[in-house]
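To start, the structure itself, in structure tokens.
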Amino acid sequence: MFNYDKYIRKDKFPHIWCSGCGNGIILKSSIRAIDKIGWDKNDVMTISGIGCSSRATGYLDFDSLHTLHGRALAFATGIKMAKPKMNVVVFTGDGDAGAIGGNHLIHAARRNIDITAVIFNNNIYGMTGGQYSPTTPQEFVATTAPYGHIENSFNFMELAIGAGASFAARTTVTNPKQVENFIHKGLENKGFSVIEVVSNCHVQFGRRNEMKSPIQMFDWIKERIIPMSKAEDMSEDELENKVITGVFKNIEKPEYVEEYDKNIMAKAEGE
Amino acid sequence: MEKVKFLEGNTACALGAVRAGLKFFGGYPITPSSEVAEVCSEELPKAGGRFIQMEDEIASIASIIGASLAGSKAMTATSGPGFSLMQEALGMAVMGEVPIVIVSVMRGGPSTGHPTGPSQGDLMQARWGTHGDHPIIAIYPESVNEVYYEIIRAFNLAEKYRQPVVFLMDEVLGHMKESVFINEDKIETVERRKIEMDQKKYNPFLTENDIPLTANYGEGYRFHVTGLYHDETGFPDVSSENIQKTMDRMYRKIYNNMDDISKNEEMNTEDMDILLFSVGTQARSAKMAIRMLKEEGINAGLFRPITLWPFPEERIVELGKKVSKIVAIEMNKGQMADELRKYVCEEDEKKIIPLNKLESELIPPQEIVDKVKEVL
Ligand SMILES: Cc1ncc(C[n+]2csc(CCOP(=O)(O)OP(=O)(O)O)c2C)c(N)n1
Ligand code: SF4
């Protein structure tokens with residue numbers, strides 16, 4: 001039996017999440033991934049923004065920083081540059097990373113700074129009561145989309161890759177083992193890693209869209225999963241509204257802080 | 001031994017910061033502050049620190065808060081529009097009690113306003129820019145030489161009180177070149193307090209004299225910092241008593257140490273017919289006016305807060321009793337005149353005489369002389 005106690009702040013439980021919320025699965029898979037990579041607990045740092053998902057940092061027994069809505073990656077950048085020995089993991093939501101914090105996501109990816117960002121994508125603003133997010137699918141209902149949503153969704157994988165992330169993967173809470181594996185791969189990558197985990201918010205999203213139980217939401221997520229190998233042979237039409245899972249990018253690429261030290265620090269010291 | 005350097009205000013600010021022990025700068029270019037970033041990008045790596053140009057000012061201040069929590073002395077520099085973008089995170093630095101220095105070189109506002117001209121329009125933004133009640137420290141020097149020494153004091157206060165410090169300049173001060181007399185004997189730096197405690201019993205917001213004993217990230221304490229109201233453990237506690245208690249302590253931390261934090265310059269305040277109040281570069285014009293008035297047999301005094309916030313209330317009340325009129329000379333619409341009225345106007349509404357101009361230049365000494373003669 002895996003011993004989670006080593007990594008959690010037991011006195012901070014019960015957590016604030018609704019029962020059946022997918023956030024717990026992502027938290028557990030993150031713990032297993034961090035355990036697998038074997039880092040000293042004192043060298044790990046978790047940073048989050050604001051949202052239900054962003055409360056994750058408070059439950060883990062590492063140094064942790066719960067910041068402002070959307071800004072976790074910017075705080076993380078300062079921490080990584082001030083103390084490169086820290087292994088920096090960011091927990092963020094689809095609104096946190098894709099709306100208010102979109103700019104920081106793009107630029108962290110562009111720099112390829114060694115940070116692992118885990119995006120809890122529940123397709124909604126959970127904490128503020130079910131307003132639409134950049135990943136709410138069209139026609140679904142949100143408290144600010146009572147007539148059905150009309151906007152296009154963000155594709156976090158295309159965004160991360162386009163901006164320069166060296167690792168990008170998508171999975172869902174219906175496959176915790178895969179969540180663990182992808183986060184582990186992201187942690188191993190020396191560079192910017194994005195792991196999008198499609199999750200369930202049955203309370204703020206499902207309830208308004210005829211899926212008020214976590215089980216219904218799991219079924220809805222599972223129905224739409226297409227593994228990447230299969231997706232390659234499918235047309236764009238066939239892939240509409242589907243959740244393509246897999247590792248979209250995993251390459252070696254110069255990491256920002258190492259490059260800073262190798263180039264700038266070295267040259268400046270020579271002067 | 002004194003070394004003399006001929007420097008621009010922005011350069012003196014950057015070099016003073018590096019002398020104070022700056023190890024991380026995160027910023028975004030904006031006139032008239034960009035030279036602070038430029039000099040830091042060159043000098044910091046030589047001093048073993050790191051520089052980054054972030055994607056905007058929100059990211060800039062966020063990055064320095066992160067770096068400071070990880071143990072580095074950290075700074076950003078900006079001007080009005082960027083300072084506005086930083087306000088949310090400035091509140092986070094107050095709440096998390098994070099030592100950082102934010103330089104704001106004032107230009108004409110609001111909005112894009114007048115990027116290349118000086119103003120004193122952000123004195124109140126420095127005090128009340130972020131939402132919610134909070135204490136703040138703001139320093140505003142008058143000369144390039146003073147910039148060099150005062151930026152070191154800004155870092156010292158930030159470290160000592162675990163408090164964000166706003167360092168105000170204006171376009172004139174940022175771009176003017178003057179001699180800086182660097183005397184190592186006059187420089188003292190305060191280093192980050194080293195915490196040595198049993199990890200199991202450690203709480204990051206346990207306080208000593210109202211100042212928290214927060215360690216740095218990565219030293220094995222594994223603690224939590226949040227922008228929510230929190231207790232000594234660092235974890236959220238939004239009970240009404242904790243909210244009141246926490247903000248009361250944060251106010252005490254600053255206001256009980258006014259002797260240490262406050263710094264003013266006074267000229268002729270012993271024997272004066274009228275008092276001039278002015279801050280930053282504008283005060284130099286006031287000093288000239290005092291000399292000119294003297295020649296005409298008028299004794300004017302000057303009060304210049306160098307630590308602008310917290311406001312030197314006590315001294316202003318005392319000085320207010322000595323004179324019947326105070327002329328507040330500012331490159332804004334009267335921000336300090338309003339503040340002065342809070343402390344010196346019990347009976348006489350007309351005791352504070354505002355002399356305000358928004359002409360993107362210092363108010364010249366002659367206009368001050370004329371004003372004094374008009375009201376005396
Ligand atoms: C500057 C700012 N704007 C708005 C908010 C209010 N707010 C808090 S959480 C949130 C959305 C959270 O959604 P998401 O990031 O998807 O996380 P979730 O709660 O769904 O996990 C918003 C809008 C805020 N805290 N700060
Ligand atoms: S509101 Fe949604 S995201 Fe938030 S805890 Fe509840 S189920 Fe989870």
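Just so it is clear: chains get the letters A, B, ... in the order the sequence lines come, proteins before strands, and each one is counted from 1. Computed from a prediction, not measured in an experiment: that's the story for all the values here.
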Can you find a side-chain donor-acceptor pair between Gln131(A) and Thr128(A) that sits under 3.5 Å? yes

Can we say Glu191(B) and Lys160(B) salt-bridge, meaning some charged N sits less than 4.0 Å from an Asp/Glu carboxylate O? no

Nearest-0.5 Å distance that lies between atom CD in Glu180(A) and atom NZ in Lys28(A): 11.0 Å

Please report the C-alpha distance between Ile136(B) and Val166(B) in whole Å, then the side-chain angles of each, then the deciding distance to 0.1 Å, and finally whether the side-chain contact (heavy atoms from CB on, under 4.5 Å) criterion is met. CA-CA 8 Å; Ile136(B) 200 83; Val166(B) 177; 4.2 Å; yes

Output the residues of residues 43-55 of chain B for which the shortest heavy-atom distance to chain A is under 4.5 Å, in residue-number order; output 'none' if no such residue exists. Pro45(B), Lys46(B), Gly48(B), Gly49(B), Arg50(B), Phe51(B), Ile52(B), Gln53(B), Met54(B), Glu55(B)

Pair Arg193(B) + Glu159(B): basic N to acidic O under 4.0 Å: no

Which atom pair, heavy atoms only, marks the closest approach of Ala158(B) to Ile100(B)? CB-O, 3.9 Å

Between Phe2(A) and Arg32(A), is there a cation-pi geometry (under 6.0 Å to ring centre, at most 45° from the normal)? yes

Could you please state which residues from residues 78-100 of chain A sit under 4.5 angstrom from chain B, measuring non-hydrogen atom to non-hydrogen atom, sorted by number, or 'none'? Gly78(A), Ile79(A), Met81(A), Ala82(A), Lys83(A), Pro84(A), Lys85(A), Met86(A)

Aromatic contact, Tyr59(A) with Phe13(A) (centres under 6.0 Å): yes

Between Ser68(B) and chain A, which part of the residue has a heavy atom less than 4.5 Å away: side chain, backbone, both or neither? neither

Between Trp17(A) and His15(A), what is the ring plane arrangement, given parallel below 30°, perpendicular above 60°, and tilted in between? tilted

Using a 4.5 angstrom heavy-atom cutoff, name the option from Glu42(B), Glu88(B), Lys23(B), Gln199(B) with the most pairs to chain A. Glu88(B)

Donor-acceptor pair between Glu255(A) and Asn112(A) side chains, under 3.5 angstrom: no

Residues Ser30(A) and Ile183(A): closest non-hydrogen pair is OG-CD1, 3.5 Å

Can you tell which part of Arg9(A) gets under 4.5 Å to a heavy atom of chain B, answering side chain, backbone, both or neither? side chain

Please report the C-alpha distance between His230(B) and Phe235(B) in whole Å, then the side-chain angles of each, then the deciding distance to 0.1 Å, and finally whether the ring pair (Phe, Tyr, Trp, His ring centres under 6.0 Å) criterion is met. CA-CA 5 Å; His230(B) 47 272; Phe235(B) 287 92; 9.6 Å; no

Modelled atom types, side-chain donor and acceptor of Ser84(B) and Gln125(B), under 3.5 Å: yes

After noting the C-alpha distance and the side-chain angles of Phe75(A) and Leu68(A), does the key distance pass the side-chain contact (heavy atoms from CB on, under 4.5 Å) rule? CA-CA 9 Å; Phe75(A) 285 87; Leu68(A) 304 171; 4.1 Å; yes

Most heavy-atom pairs under 4.5 angstrom with chain A, which of Ala62(B), Ser63(B), Gly66(B)? Ala62(B)

Under 4.5 Å to a heavy atom of chain B? For Thr46(A) that would be neither

Evaluate the criterion salt bridge (Lys or Arg N to Asp or Glu O under 4.0 Å) for residue pair Lys185(A) and Glu188(A); output intermediate values, then yes/no. CA-CA 5 Å; Lys185(A) 283 199 167 84; Glu188(A) 277 184 327; over 6 Å; no

Under the criterion side-chain contact (heavy atoms from CB on, under 4.5 Å), I'd like the reasoning laid out for Thr11(B) against Glu38(B): C-alpha separation, chi angles, the key distance, then a yes or no. CA-CA 9 Å; Thr11(B) 307; Glu38(B) 289 166 0; over 6 Å; no

Under 4.5 Å heavy-atom distance to chain A, tell me which part of Phe223(B) shows up: side chain, backbone, both or neither. both

Engaged part of Lys41(A) at the chain B interface, taking heavy atoms whose separation is under 4.5 Å: both

Check whether the side chains of Tyr7(A) and Asp35(A) place a donor and an acceptor atom closer than 3.5 Å, and report yes or no. yes

Under a 4.5 Å cut-off applied to non-hydrogen side-chain atoms, are Ile26(A) and Ser199(A) in contact? yes

Can you tell which part of Asp261(A) gets under 4.5 Å to a heavy atom of chain B, answering side chain, backbone, both or neither? side chain

From CD1 (Ile61(B)) to CG (Leu85(B)), nearest 0.5 Å: 10.5 Å

When the 4.5 angstrom heavy-atom criterion is applied to Val44(A) and chain B, the contacting part is neither

If you tally heavy-atom pairs under 4.5 Å against chain B, which of Thr77(A), Leu60(A), Asp61(A) wins? Asp61(A)

Short side-chain donor-acceptor distance under 3.5 Å, Thr57(A) and His66(A): no

Measure Ile64(B) against the heavy atoms of chain A and call it side chain, backbone, both or neither at under 4.5 Å. neither

If one checks every heavy atom of Phe24(B) against chain A at 4.5 Å, the contacting part turns out to be side chain

Could you check whether Lys249(A) makes a cation-pi contact with Phe167(A), meaning its NZ or CZ is under 6.0 Å from the centre of the six-membered ring and within 45° of the ring axis? no

Sub-4.5 Å heavy-atom contacts with chain A: which residues of residues 89-98 of chain B show up? Ala89(B), Met92(B)

What parts of residues 201-208 of chain B touch chain A if we use heavy atoms and a cut-off under 4.5 Å? none

Tell me yes or no: between the side chains of Asn155(A) and Arg170(A), is some donor less than 3.5 Å from an acceptor? yes

